[in-house]
Amino acid sequence: MSRYSAAEIEAKWQEAWSKTETFKAVRDESKPKYYVLEMFPYPSGRIHMGHVRNYTMGDVIARYKMSTGHNVLHPMGWDAFGMPAENAAMAIGGHPKDWTYGNIADMRDQMKPLGLSIDWSREFATCDPEYYGQQQALFLDFLEKGLVYRKNAVVNWDPVDMTVLANEQVEGGRGWRSGALVERRELTQWFFKISDMSEELLSALDGLDNWPAKVRLMQENWIGKSRGLQFAFERTDDGDAIEVYTTRPDTLNGASFVGISPDHPLSKELEKSNADLAAFNVEARKGGTTEEAIETAPKLGFDTGLKVKHPLTGDELPVWVANFILMGYGTGAIFACPAHDQRDLDFCRKYDLPVIDTFYALEDPKPVANEAFVPPKSDKVKWVDHFAGLDEATGQEAIDATIAFAEKGGWGKGVTKYRLRDWGLSRQRYWGCPIPVVHCDDCGVVPEKKENLPIELPYDVTLDVPGNPLDRHPTWRNCACPSCGKDAQRETDTMDTFVDSSWYFARFTAPRAETPTNLDDATYWMNVDQYIGGIEHAILHLLYSRFFARAMQVCGHLPESAKEPFDALFTQGMVTHEIYQTRDEKGRPVYHLPEDVADGKLIATGEAVEIIPSAKMSKSKKNVVDPVSIISSFGADTARWFVLSDSPPERDVEWTASGAEASHKHLSRVWNLCDKIGAMDPAATGQGDEDLLREMHKAIRDVTLGVESFGFNASIAKLYGFTNTLAKSKAGAVAQKQAIKTLAQLMAPMTPHLAEDIWAHQGGEGLVIDAPWPVADEAMLVEANVTLPIQINGKRRAEISVPADMSKEEVEKIALANEAVIKALDGAQPKKLIVVPGRIVNVVI
RNA sequence: GCGGGCGUGAUGGAAUGGUAGACAUACCAGACUUAAAAUCUGUUGGGCGUAUGCCCGUGUGGGUUCGACUCCCACCGCCCGCACCA
């Protein structure tokens with residue numbers, strides 16, 4: 001008997017698929033199309049287990065759909081622009097382009113042995129000029145349609161390196177290289193007008209039934225639609241207005257001060273003549289630009305000395321500058337109601353400002369001390385003295401009444417606002433798609449002509465000093481103005497890499513087209529029927545892609561039907577691994593590679609290691625498992641089988657060596673089983689043919705259900721079960737052969753190479769990938785009898801076996817005649833008797 | 001800080017509001033073997049008990065229900081995102 005040799009059969013079947021061009025996607029109107037896409041990878045140079053899991057899931061879907069008669073598009077590409085290439089160039093020398101293309105070649109080589117059903121003829125990288133040139137064309141189209149504009153925005157500024165920093169380059173408020181305290185600084189930058197589509201992007205979420213509810217909710221919160229009151233406070237000194245926006249106008253009577261952002265025009269005006277305020281603002285602008293940094297920074301305030309008049313009470317309120325007020329949201333000015341907002345309360349306690357209660361809990365009317373009273377807007381509360389005449393009302397009722405009251409009085413109006421900001425796409429970096437515009441002294445900002453695209457990145461750059469090398473390139477910047485022809489200068493900012501990934505799915509439908517898309521191809525292949533990727537992309541990437549699909553439709557690059565580009569979304573979990581650590585003499589952790597550890601001890605020294613379970617794989621923690629070494633020792637099918645088994649796809653899966661070995665053992669077992677059945681006398685009869693086939697049909701039903709509902713782990717559990725049944729079966733050769741062939745088909749999406757080999761071994765016709773998916777015979781699934789548990793007061797005490805179609809009344813009779821029930825009742829009548837047909841009996845005593 | 005999620009044996013996990021622990025790992029025992037590996041078989045949530053069986057048990061505390069891992073409230077822990085990481 002020969003042994004299961006993954007290396008041998010995997011190479012063989014990959015060659016067979018390649019020879020027949022099985023995975024080449026060609027338009028075919030006679031079949032339903034199916035577009036399955038996994039989020040494309042960043043070419044770091046090494047694939048990791050997370051990739052294996054992500055692409056295997058997509059591959060299962062793709063292969064399953066092929067078997068069910070679909071014309072499948074399953075492409076692959078590279079999200080190839082971005083900072084790591086520049087960082088590598090700075091750290092180890094070399095050029096971002098060479099580094100990136102080298103990594104792509106390496107990763108492709110590592111990925112191909114997985115046997116994925118990918119149409120490699122459609123492959124591209126976002127750093128290919130053919131791709132980013134079309135992206136530049138899209139930018140110009142968006143510009144023409146008014147979907148792109150320029151305005152000022154804040155960036156992280158490193159005052160020592162004199163360069164813009166990404167958020168991830170700010171560590172604890174300091175630049176990662178220089179260690180200097182980071183400042184927020186304004187630059188003129190390009191923006192996509194995504195906020196114009198806030199309402200559309202929000203309301204269309206309702207139609208995304210096949211997206212996880214949590215992702216829709218996260219997007220909804222991110223867009224952040226709010227209804228509030230906009231009105232002005234009048235300054236007592238010169239009568240000028242300070243416009244504020246509030247979502248809690250009902251608390252207006254509890255206002256204790258008006259707060260403005262350090263970047264509010266009034267604050268900027270005042271700091272010119274107020275050195276103390278100027279110093280305060282410098283301090284307030286320190287730190288990173290992230291919302292997290294701003295929200296968690298200590299709350300600081302500065303009393304401007306100005307006063308404003310409360311529009312209702314006429315009281316004077318002080319005007320403070322506060323570091324936690326964002327210029328980018330609302331009007332950059334608020335009024336604070338400390339009694340009903342914890343942040344305002346902390347601020348007022350710190351600066352000794354008054355706290356005025358505007359409502360109390362119905363049953364507990366006590367003034368606020370050090371904890372703000374913030375009930376849900378739907379709770380009824382008791383109002384201290386509400387101007388709109390309310391006594392007991394919910395917050396929402398009071399908000400509505402206040403807005404109506406303000407509009408009637410003419411001093412304010414109800415306004416709908418969105419938290420969603422326009423998408424800043426400018427990056428002061430080299431390794432990205434150049435923004436195709438030219439700055440001309442006479443004509444201003446001029447779009448490049450489409451015939452001059454792509455505006456290619458120059459190769460001759462140096463990355464040895466911080467900053468954007470395009471800025472200091474001697475000649476690349478110089479060009480002729482596309483409008484007047486005079487000497488002009490190129491824009492040196494490049495695009496955010498999110499732009500690259502916001503339309504690649506559309507490009508895959510016609511990757512070599514001379515325009516961004518080919519409308520016929522896009523109409524045929526779009527939408528993506530199943531998109532698969534990490535939950536970390538739940539908001540930005542997916543929201544930006546939804547915006548792009550709409551903007552591309554406006555420009556005629558996508559059909560109307562493709563404006564929600566992803567019909568179904570699945571977010572998969574990570575692959576984790578234990579971390580093995582010891583401590584050095586100072587107590588700092590020292591990490592060890594999995595291969596250096598056995599039985600909880602270091603192999604070299606025998607020292608015991610601490611084990612941290614279920615940690616995200618990371619190089620610095622040394623808990624990475626390299627798919628390449630797994631494939632070379634066990635084969636791709638084992639790796640694929642393992643990452644699908646055990647954990648549900650949306651959750652993290654922990655890689656364990658024993659689990660991988662067990663997967664391999666199981667596949668060997670299946671292979672041996674195939675060998676054994678193949679050697680049976682074709683005429684041999686046995687016992688239990690019917691039972692085996694019954695189990696086979698149940699396996700077909702359950703495995704299919706698992707694949708269709710992303711329950712791959714459940715499918716695999718069923719396949720284990722069915723394999724065990726088959727291994728123990730004494731059935732005749734015909735039934736066993738049918739069973740193993742069906743097993744091969746059911747395993748084919750997960751372990752395609754092994755499945756092909758078994759299929760061929762058992763004389764299956766053609767390739768298993770081309771064989772139609774088996775269909776469960778309903779008649780074989782019907783069970784004659786069911787086992788019903790009998791509960792007494794909700795606890796299982798006995799069980800009975802009854803015909804599946806037995807009436808409720810008869811089941812009741814049998815249940816009451818049960819020994820355990822009679823004993824428990826002890827002659828009394830049951831209080832209640834619940835019979836759920838086919839499920840359970842509960843006797844309440 | 002804000003938004004979203006997760007929490008079940010030694011371990012990964014299963015369970016349309018209906019028998020908690022399917023399937024797998026690990027451990028233990030047995031078969032085969034001169035022996036080991038490989039393979040096969042069996043046991044295994046905790047406690048009490050010879051046993052029929054009984055009690056406890058799904059992060060913690062409450063609630064809804066005939067019945068809760070599942071629904072609701074509060075808390076604890078961990079993970080993801082927070083607009084220049086991809």
Side-chain angles (χ1 to χ4, degrees), chain A residues 39 41-42 44 79 81-84 87 153 155-156 164-170 189 194 212-215 217-222 224 288-297 299 324 328 342-343 419-429 496-498 500-501 534-541 543-544 571 573-574 576 613-614 616 645-648 650-656 658-659 661-663 665-666 668-669 672 711 713-714 716-721 724 727 787-799 830-834 836 838-845:
Chain A
M39 291 179 185
Y42 180 80
S44 61
D79 190 13
F81 274 136
M83 297 204 308
N87 293 340
V155 293
N156 299 304
V164 177
L165 297 178
N167 285 334
E168 70 156 12
Q169 295 173 319
V170 179
Q189 308 201 61
I194 189 171
K214 65 179 169 185
V215 174
L217 186 58
M218 284 161 87
Q219 293 219 350
E220 185 182 324
N221 290 335
W222 185 261
T289 58
T290 67
E291 201 166 290
E292 184 189 7
I294 291 163
E295 295 263 340
T296 53
K299 308 289 176 283
F324 60 84
Q342 191 61 44
R343 192 172 56 180
R419 205 183 74 100
L420 180 64
R421 311 200 293 254
D422 277 333
W423 170 13
L425 68 118
S426 298
R427 298 290 181 270
Q428 295 70 42
R429 281 175 230 296
D496 178 7
T497 56
F498 271 124
D500 311 337
S501 56
I535 185 68
E536 66 273 20
H537 294 294
I539 296 175
L540 293 180
H541 162 62
L543 192 61
Y544 291 160
T571 54
M574 294 181 300
T576 61
S614 305
K616 183 175 181 171
S645 61
D646 278 5
S647 285
E650 68 274 17
R651 268 205 251 175
D652 294 351
V653 64
E654 175 133 289
W655 182 273
T656 59
S658 57
E661 277 163 34
S663 296
K665 274 186 205 172
H666 177 74
S668 301
R669 208 153 34 224
N672 292 339
N713 56 322
I716 288 198
K718 190 68 201 178
L719 287 167
Y720 269 113
N724 292 339
T787 302
L788 288 186
I790 296 182
Q791 292 184 336
I792 294 168
N793 287 338
K795 295 197 178 220
R796 195 190 71 90
R797 285 294 181 261
E799 57 183 39
K831 269 195 206 145
K832 208 167 180 181
L833 187 58
I834 292 142
V836 184
R839 275 290 177 195
I840 205 159
V841 180
N842 192 7
V843 186
V844 185
I845 295 169

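Naming: A, B, ... by sequence-line order, numbering from 1 per chain. Predicted model, so just to flag it, every value in this text is computed and none were measured.
If you check distances only, the side chain of A:Arg651 never reaches the base of B:C6 with a donor-acceptor pair under 3.5 Å. Checked by distance alone, A:Glu292 brings no side-chain donor or acceptor within 3.5 Å of a matching partner on the base of B:C2. For A:Gln342 and B:C2, a side-chain-to-base donor-acceptor distance below 3.5 Å is absent, hydrogens and geometry of angles not being considered. Donor-acceptor pairing under 3.5 Å, judged by distance alone, is present between the side chain of A:Asn842 and the base of B:C66.
As judged by a 4.0 angstrom heavy-atom cut-off over every strand, A:Phe498 is placed among the base-contacting residues. If you check every strand for non-hydrogen atoms under 4.0 Å, A:Leu420 touches a base. Contacts of A:Ser663 with the nucleic acid, taken as non-hydrogen atoms under 4.0 Å apart, are absent. If you check every strand for non-hydrogen atoms under 4.0 Å, A:Val164 touches a base. The residue A:Arg797 sits close only to the backbone: its heavy atoms come under 4.0 Å of sugar-phosphate atoms, none of a base. At a threshold of 4.0 angstrom between heavy atoms, the contacts of A:Gln219 with the nucleic acid are absent. If you check every strand for non-hydrogen atoms under 4.0 Å, A:Ala662 touches sugar and phosphate atoms only. Within 4.0 Å (heavy atoms only), A:Gly82 reaches sugar-phosphate atoms of the nucleic acid but no base atom. Residue A:Gly424 is classed as a sugar-phosphate contact, given heavy-atom separations below 4.0 Å to backbone atoms only. When heavy atoms are screened at a 4.0 angstrom cut-off, A:Lys665 is found touching the sugar-phosphate backbone but no base atom. Counting non-hydrogen atoms under 4.0 angstrom, A:Arg669 reaches the backbone sugars and phosphates but no base. A:Gln169 comes within 4.0 angstrom of nothing in the nucleic acid, heavy atoms only. No contact: A:His541 has no heavy atom under 4.0 Å from any strand. Residue A:Lys831 is out of contact with every strand shown, counting any heavy-atom pair closer than 4.0 Å.
Distances shown here put every side-chain N or O of A:Asn713 at or beyond 4.0 Å from the OP1 or OP2 atom of B:G13. For the OP1/OP2 pair of B:C66 and a distance below 4.0 Å, the side-chain nitrogens and oxygens of A:Lys832 include at least one atom meeting the criterion. Contact check, A:Ser645 against B:A24: no side-chain N or O comes under 4.0 Å of OP1 or OP2. Between A:Asn221 and B:C2 there is no side-chain polar atom (N or O) within less than 4.0 angstrom of OP1 or OP2.
Base pairing of B:C75 is made with B:G59, judged by Watson-Crick or G-U wobble geometry with both donor-acceptor distances under 3.5 Å. Across all strands shown, nothing is found opposite B:G17 as a Watson-Crick or G-U wobble partner with both distances under 3.5 Å. Pairing for B:G53 goes to B:C48, judged as Watson-Crick or G-U wobble with the two contacts each under 3.5 Å. Using the Watson-Crick or G-U wobble rule with both distances under 3.5 Å, B:G1 pairs with B:C82.
For the pair A:Arg427 and A:Met83, the minimum side-chain heavy-atom distance is 4.5 Å or more.
For A:Leu217, the listed nucleotide lying nearest its side chain is B:G4; candidates were B:G81, B:A83, B:G4. Picking from B:A86, B:A83, B:G18 the nucleotide with the shortest atom distance to the side chain of A:Ile834 gives B:G18. Of all nucleotides listed (B:G1, B:A20, B:U16), B:U16 comes nearest to the side chain of A:Arg839. Comparing atom distances between the A:Asn156 side chain and each of B:G18, B:A86, B:C84 picks out B:C84 as nearest. With distances taken from any side-chain atom of A:Glu291 to the nucleotides B:A83, B:G5, B:C84, the minimum falls on B:A83. Closest to the side chain of A:Ser647, out of B:A86, B:G12, B:G18, is B:G12. Closest to the A:Leu540 side chain, of the nucleotides B:A20, B:A86, B:C23, is B:A86. Taking the side chain of A:Asn724 as heavy atoms from C-beta on, and the options B:C84, B:G7, B:A24, the nearest nucleotide is B:A24. Taking only side-chain atoms of A:Ala717, from C-beta outward, the nucleotide of B:C23, B:C54, B:G18 with the closest atom is B:C23. For A:Arg421, whose side chain is taken as the heavy atoms from C-beta onward, the closest listed nucleotide among B:C84, B:A83, B:A20 is B:A83.
For the pair A:Pro648 and A:Lys718, both in contact range of RNA chain B, the more 5′-proximal nearest nucleotide belongs to A:Pro648. Mapping A:Thr787 and A:Met218 onto RNA chain B by nearest heavy atom places A:Met218 at the nucleotide closer to the 5' end.
For the P atoms, the distance linking B:G18 with B:C72 amounts to 15 Å, nearest Å. Spacing of C1' atoms, B:A29 relative to B:U44, comes out at 11 Å, to the nearest Å. Between B:G9 and B:U25, the two C1' atoms lie 12 Å apart (nearest whole Å). Nucleotides B:A37 and B:C32 have their C1' atoms positioned 13 Å apart, rounded to a whole Å. Atom C1' of B:G21 sits at a distance of 13 Å from the matching atom of B:U11, rounded to the whole Å.
Look at CD1 on A:Ile840: it is 14 Å from P on B:U16, rounded to the nearest Å. Between the CD atom of A:Glu650 and the C1' atom of B:A14 there is a distance of 13 Å, rounded to whole Å. Atom CH2 of A:Trp423 is separated from atom C1' of B:A83 by 11 Å (rounded to the nearest Å). In this structure, the NZ atom of A:Lys795 is 10 Å from the C1' atom of B:G57, given to the nearest Å. For the pair A:His666 NE2 and B:C40 P, the computed distance is 11 Å after rounding to whole Å. Remark: P of B:G3 and CD of A:Glu295 are 10 Å apart, rounded to the nearest angstrom. In this structure, NE2 of A:His537 is placed 9 Å from P of B:G81, rounded to the nearest angstrom. Atom OH of A:Tyr720 and atom P of B:G12 are 17 Å apart (whole Å).
A:Thr497 and A:Asp79 get closest at one heavy-atom pair: O-OD1, 4.2 Å. Annotation for A:Asp496 and A:Gly424: closest pair OD2-O, 4.2 Å, computed over non-hydrogen atoms. Here the closest heavy-atom approach between residue A:Met218 and residue A:Ala538 is recorded as CE-CB, 3.9 Å. Between A:Gly288 and A:Ala293, the closest heavy-atom pair is O-CB, 4.0 Å. The two residues A:Arg796 and A:Pro789 make their nearest non-hydrogen contact at CG-CB, 4.1 Å. Closest non-hydrogen pair, A:Ile194 versus A:Arg421, comes out as CG2-O, 3.3 Å.
A glycosidic torsion no more than 90° from 0 defines the syn conformation; B:G5 lies beyond that range and is anti.
For the pair A:Glu650 and A:Lys214, the salt-bridge criterion is not met [side-chain N within less than 4.0 Å of a carboxylate O].
Put simply, the residue from A:Phe81, A:Trp423, A:Tyr544 that forms a ring-ring contact (aromatic ring centres under 6.0 Å, His included) with A:Phe498 is A:Tyr544.
Between the side chain of A:Lys299 and the backbone N or O of A:Ala297 there is at least one donor-acceptor pair closer than 3.5 Å.
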